[in-house]
**Q** 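Starting off with a structure, shown below.
Every heavy atom of this structure was used, including side-chain atoms; hydrogens, water molecules and symmetry mates were not.
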Protein chains: 2
Amino acid sequence: MIVSRARPLVVGDAFGHAACAECDARTVSVCDALDTADLSRLAAVAAQRSLEKGRVFIEEGEKAADFFNITAGTVKLFKLLPDGRQQITGFAGPGYFLGLAVGETYAFSAEAIEPVRLCRFSRPRLYALMHDLPALEARLLQTACNELVTAQEQMLLLGRKTARERVASFLLLRAAAAAPCSHRQTEIRLPMTRAEIADYLGLTIETISRVLSRFRADKRIDLPTPDRVILTDRPWLEDLAAGNLEHV
Amino acid sequence: MIVSRARPLVVGDAFGHAACAECDARTVSVCDALDTADLSRLAAVAAQRSLEKGRVFIEEGEKAADFFNITAGTVKLFKLLPDGRQQITGFAGPGYFLGLAVGETYAFSAEAIEPVRLCRFSRPRLYALMHDLPALEARLLQTACNELVTAQEQMLLLGRKTARERVASFLLLRAAAAAPCSHRQTEIRLPMTRAEIADYLGLTIETISRVLSRFRADKRIDLPTPDRVILTDRPWLEDLAAGNLEHV
DNA sequence: GGCCTGTTTTGATGCCGATCAATCAAGCCG
DNA sequence: CGGCTTGATTGATCGGCATCAAAACAGGCC
């Protein structure tokens, strides 16, 4: 449930740019790399869309025709095996740039797990713009490197961490993702279901639930509702996530 | 054991460029994106090095001062947990561009698992060059996207595939990596130990060995020596790796 | 050859997390 | 209110891979 915040009415100097001026994701997205004039050019090739929860808007193997920039809500990025096994490779919130694909087709699928708003860019148009705006290309490279680092961290988690370490890492990751909004908060919101957490961490629903219950019993976290978590012992969680404990 | 091939003596038109002309990795690396004139500029900021087996030349957390381009041999990229658990995030052979790091520090370590030759670029110099040569920057973005796709595939493997599926995927990946050299070969060489395969696939040495033995008993592969594998039933391996079997 | 060292293979056992299954809590709607 | 649905929690049991242990093998060296 995204709070639909009241937005100030802004009269833009260019079509589309008005939307950028009031965009919540403006300062944390690739758009931040551009000055006002160039942002207008970017906005000119963008189209805004709203997606209801559950909507799949990228399908693995489809022709990669568009890039996306999330401005509100959360999406999951995932890959499937023929028998239905699912691996979620990441959750993308406001500011996330999406669609960096090699070759002609998407390598993953994407689904809105909440109501989502996003900007859509046609691939050839964005490429053309990249050619003109080195700052944009540099920013995308930077974004890709960030993702790469995140992906490597996730491989360590999936390949070598225990269930408890994975869940601790996940909670801290969520806290970090929410941090830019209001610093040092101990309470986090989980917009995804247990099944989605499980598919992200390479575990099962039951294991997620059990580990969270155990954390609560040990007074490391609190769970007022299933989708709200309060980190009551963050140092301990950090040690666990880093692999410093695991004899406890 | 890399075969040290005899190289033709070439007189380059610029210092360093001579080395490029005789470089085995030239056509499959980022260097391929540049024309002769620009390649000279790239070569001018490069330094060649040889590394013995076992040499760690990038350490996670260290200041990211250099980029590297492998020209011969194989290196492993990995992350460690404090208690020694290791996750290998990838193996890099000739042509691989290395060091794409966000921020100031490397996010992973790198070690030569064979005798290695590589080109080293100082980070600020390469950045400066990127500014001048859009083709280079575009190529690096492309490289980063490729890595991202590979990383996502690996997350699926680590999070959701069984031990047998992982090993099958690994063998096919090795075959594909060797393919550019001589197409459709059924024999592959494994320059890494069982321990390294295990740390790459999120398994143990024993499991790797057992699965390979089982594959051989089932006449899916042959193992003339521990580091040479012949894929005798590639279609079956492909089905298994894709997750289409696993009732067998 | 014979010894040494490190890797791979094979075997016996155990445990963590998966699976199967039941209960619980929270909407939603008639 | 009660029946229905969906997601979360808790319990009982199982199995795949890890762990522990030992044997087989290979290469290097004298």
Side-chain angles (χ1 to χ4, degrees), chain A residues 1 53-54 76 81 83-87 113-114 157-170 189-218 221-229 240 243 245-248, chain B residues 1 53-54 81 83-87 113-114 157-168 170 189-218 221-229 240 243 245-248:
Chain A
M1 297 122 229
K53 172 175 171 172
K76 68 173 183 186
L81 289 172
D83 61 2
R85 279 175 286 173
Q86 177 174 139
Q87 179 63 39
I113 62 171
E114 298 179 298
L157 181 149
L158 292 170
R160 288 301 180 216
K161 287 188 183 176
T162 65
R164 315 179 69 226
E165 289 168 341
R166 294 183 200 201
V167 174
S169 301
F170 173 72
R189 191 181 62 92
L190 302 179
M192 64 290 288
T193 66
R194 296 291 186 266
E196 284 160 344
I197 298 174
D199 283 339
Y200 179 59
L201 298 179
L203 299 168
T204 58
I205 313 179
E206 296 93 328
T207 298
I208 302 299
S209 189
R210 270 185 253 272
V211 171
L212 287 176
S213 296
R214 173 75 190 284
F215 282 177
R216 179 172 51 181
D218 293 349
I221 64 170
D222 204 359
L223 283 168
T225 69
D227 69 340
R228 298 197 315 140
V229 186
L240 180 58
L245 310 172
E246 204 56 26
H247 32 83
V248 187
Chain B
M1 297 117 225
K53 172 175 170 172
L81 288 172
D83 61 2
R85 278 175 287 174
Q86 175 174 140
Q87 179 63 41
I113 63 172
E114 298 178 297
L157 181 149
L158 292 170
R160 288 301 181 216
K161 287 188 184 176
T162 65
R164 314 179 69 226
E165 290 169 341
R166 294 183 201 200
V167 175
F170 173 73
R189 193 182 60 92
L190 302 179
M192 64 290 288
T193 66
R194 297 290 187 265
E196 284 159 345
I197 298 175
D199 283 340
Y200 179 60
L201 299 179
L203 299 168
T204 58
I205 314 179
E206 295 93 329
T207 299
I208 302 298
S209 187
R210 270 185 252 274
V211 170
L212 287 176
S213 296
R214 174 72 191 285
F215 282 177
R216 179 172 50 181
D218 292 350
I221 64 170
D222 204 359
L223 284 168
T225 69
D227 70 340
R228 297 197 316 139
V229 187
L240 180 58
L245 308 173
E246 205 54 30
H247 32 83
V248 188

**Q** For nucleotides 10-14 of chain D, list the nitrogen or oxygen atoms of the protein found under 3.5 Å from its nitrogen or oxygen atoms, one pair per line.
**A**
residue: D:dT10; atom: OP2; partner: A:Ser213; partner atom: OG; Å: 2.4
residue: D:dG11; atom: N7; partner: A:Arg210; partner atom: NH1; Å: 2.8
residue: D:dG11; atom: O6; partner: A:Arg210; partner atom: NH2; Å: 3.1
residue: D:dA12; atom: N6; partner: A:Arg210; partner atom: NH2; Å: 3.4

**Q** Taking only residues two or more places apart in sequence, or in another chain, which ones meet B:Arg194 in a side chain to side chain donor-acceptor pair (under 3.5 Å)?
**A**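 For B:Arg194, no residue satisfies side chain to side chain donor-acceptor pair (under 3.5 Å) once neighbours in sequence are set aside.
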**Q** Between atom CZ in B:Arg214 and atom P in D:dC17, what is the gap in whole Å?
**A**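 About 12 Å, once rounded to whole Å.
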**Q** Pairs under 3.5 angstrom only: tabulate donor-acceptor contacts from the side chains of residues 201-212 of chain A to other protein residues two or more places apart or in another chain.
**A**
residue: A:Thr204; atom: OG1; partner: A:Thr207; partner atom: N; Å: 3.4
residue: A:Thr204; atom: OG1; partner: A:Thr207; partner atom: OG1; Å: 3.1

**Q** Is any side-chain nitrogen or oxygen of A:Thr193 closer than 4.0 Å to OP1 or OP2 of D:dG7?
**A**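 For D:dG7, OP1/OP2 do not have a side-chain N/O of A:Thr193 under 4.0 Å.
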**Q** For residues B:Tyr200 and B:Gln87, report the shortest heavy-atom separation together with the two atoms involved.
**A** O-NE2, 3.1 Å
**Q** Could you state the atom-to-atom distance from CZ of B:Arg194 to P of C:dT10 in whole Å?
**A**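 It works out to 11 Å between those atoms.
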**Q** Got a sec, which residues hit salt bridge (charged side-chain N to carboxylate O under 4.0 Å, His left out) with A:Asp222, two or more places apart in sequence or on another chain?
**A**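 Expected list: none.
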**Q** For A:Leu158 and C:dG17, give me the distance from atom CG to atom C1', rounded to whole Å.
**A**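 Whole-Å distance recorded here is 15 Å.
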**Q** Starting at the 5' end of DNA chain D and moving along, which residue's nearest nucleotide shows up first, A:Ala195 or B:Leu203?
**A** A:Ala195
**Q** For A:Arg160 and A:Leu212, take the nucleotide of DNA chain D holding the closest heavy atom to each; which residue's nucleotide lies nearer the 5' end?
**A**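 Its nearest nucleotide lies further toward 5', so the answer is A:Leu212.
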**Q** Of all the heavy-atom pairs spanning A:Lys76 and A:Glu196, show the shortest one and how long it is.
**A**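 So the two residues come closest at NZ-OE2, 3.7 Å.
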**Q** Apply the test side chain to side chain contact (heavy atoms under 4.5 Å, CB included) to residues B:Val229 and B:Phe170: give CA-CA distance (whole Å), side-chain angles for both, the deciding distance (0.1 Å), then the verdict.
**A** CA-CA 12 Å; B:Val229 187; B:Phe170 173 73; over 6 Å; no
**Q** Please check this pair: side chain of B:Arg216 against backbone of B:Ile221, looking for a donor-acceptor N/O pair closer than 3.5 Å.
**A** no
**Q** Tell me every residue that passes side chain to side chain donor-acceptor pair (under 3.5 Å) with B:Arg228, counting only those two or more places apart in sequence or in another chain.
**A**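 Per chain and number, B:Arg228 pairs via side chain to side chain donor-acceptor pair (under 3.5 Å) with B:Glu187.
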**Q** Can you check the A:Asp199 CG to C:dG17 P distance for me, whole Å?
**A** 17 Å
**Q** From C-beta outward on B:Ala163, which listed nucleotide comes closest to its side chain: D:dC17, C:dG17, D:dT9?
**A** D:dC17
**Q** Ignoring the backbone of B:Pro226, work out which of D:dA8, C:dG17, C:dT8 is nearest its side chain.
**A**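 For the B:Pro226 side chain, the nearest candidate turns out to be C:dT8.
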**Q** When the distance from CZ of B:Arg164 to P of D:dG15 is rounded to whole Å, what number comes out?
**A**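 Atom-to-atom, B:Arg164 to D:dG15, this comes out as 17 Å.
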**Q** Is the side chain of A:Glu114 donor-acceptor paired with the backbone N or O of A:Lys53 at a distance under 3.5 Å, no angle test?
**A**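 Side chain of A:Glu114 to backbone of A:Lys53, a donor-acceptor pair under 3.5 Å: no, none is there.
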**Q** Without decimals, in angstroms, what is the distance between A:Ile208 CD1 and D:dG7 C1'?
**A** 14 Å
**Q** Enter the inter-axis angle for the ends of the helix from C:dG1-D:dC30 to C:dG30-D:dC1 (five pairs per end, rounded to 10°).
**A** 30°
**Q** In whole angstrom, what separates B:Leu201's CG from D:dG16's P?
**A** 19 Å
**Q** Without decimals, in angstroms, what is the distance between B:Ile221 CD1 and C:dT9 P?
**A**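 Going from CD1 in B:Ile221 over to P in C:dT9 covers 9 Å.
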